[in-house]
> 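One structure coming up, written as structure tokens, with questions to follow.
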Amino acid sequence: MDCKVTIQQMGGGGRDLIRGIAKAGGSVKPISVMTQKGLVKLMEEVGFPDINDDKFPADEWVNFYRVDNYSATAYFYLDSPQSNLPALAPLEQRLKGIINNK
């Protein structure tokens, strides 16, 4: 049995909000901005200012890809009280790279 999950996480807000998210360590990738002239698709636009450039439109709606942490739990049932499964690794080893970027 296979399982494939694809999650596209989008966010939106003003330029300064997105700058704040990035400054706080969030991973953001602006993909479009609504300007007074209309929607600009940043992935198709050549030479549009970076979100951190003062020339990037202020007070305009910006859509962006976000990266969030997800977790999942899978349960399975053994057909007997014993198994040949290895012992679980210590908690610190299992959480390495997940908590506090260790």
> Tell me every residue that passes side chain to side chain donor-acceptor pair (under 3.5 Å) with Arg19, counting only those two or more places apart in sequence or in another chain.
none

> Taking atom CD1 of Ile18 and atom NZ of Lys23, what is their separation to the nearest 0.5 Å?
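NZ of Lys23 is found 15.5 Å from CD1 of Ile18.
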
> If I take atom CD1 from residue Ile51 and atom CZ from residue Phe64, how far apart are they, to the nearest 0.5 angstrom?
9.0 Å

> Looking only at heavy atoms, what is the nearest atom pair of Leu42 and Pro30, with distance?
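Nearest pair, atom of Leu42 first, then Pro30: CD1-CB, 3.7 Å.
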
> Got a sec: does the CD of Glu92 have more than 12 other heavy atoms crowding it under 6.0 Å?
no

> What are the two closest non-hydrogen atoms of Lys29 and Met43, and how far apart are they?
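Answer, listing the atom of Lys29 first, then Met43: NZ-CE, 3.8 Å.
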
> Which atom names give the shortest non-hydrogen contact between Ala22 and Val28, and what distance separates them?
CB-CG2, 3.8 Å

> Is there side-chain contact between Met10 and Tyr65, with at least one heavy-atom pair below 4.5 Å?
yes

> Does the side chain of Lys55 come within less than 4.5 Å of Asp50's, by heavy atoms?
no

> On a heavy-atom basis, which atom in Ala89 and which in Arg94 lie closest, and how many Å separate them?
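Distance-wise, the nearest heavy atoms are O-NE, 2.7 Å.
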
> Can you pull the ring-ring contact (aromatic ring centres under 6.0 Å, His included) pairs that have at least one residue in residues 13-59, sequence neighbours excluded?
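Applying ring-ring contact (aromatic ring centres under 6.0 Å, His included) to every pair that reaches into residues 13-59, excluding sequence neighbours, yields Phe48-Phe56.
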
> Using every non-hydrogen atom in the two residues, find where Leu17 and Gly12 come nearest and quote the distance to one decimal.
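For Leu17 versus Gly12, the nearest heavy atoms are CD2-O, 4.2 Å.
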
> How close do Gln36 and Glu60 get, heavy atom to heavy atom, and via which atoms?
CG-OE2, 4.0 Å

> Using 0.5 Å steps for rounding, measure from the CG atom of Leu39 to the CG atom of Asn63.
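Answer for the CG-CG pair, Leu39 versus Asn63, is 7.5 Å.
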
> To the closest 0.5 Å, what do you measure between CD1 (Ile31) and CD (Glu44)?
10.5 Å

> List the residues meeting side-chain contact (heavy atoms from CB on, under 4.5 Å) with Thr35, not counting sequence neighbours, and say none if there are none.
Val33, Lys37, Val40, Pro57

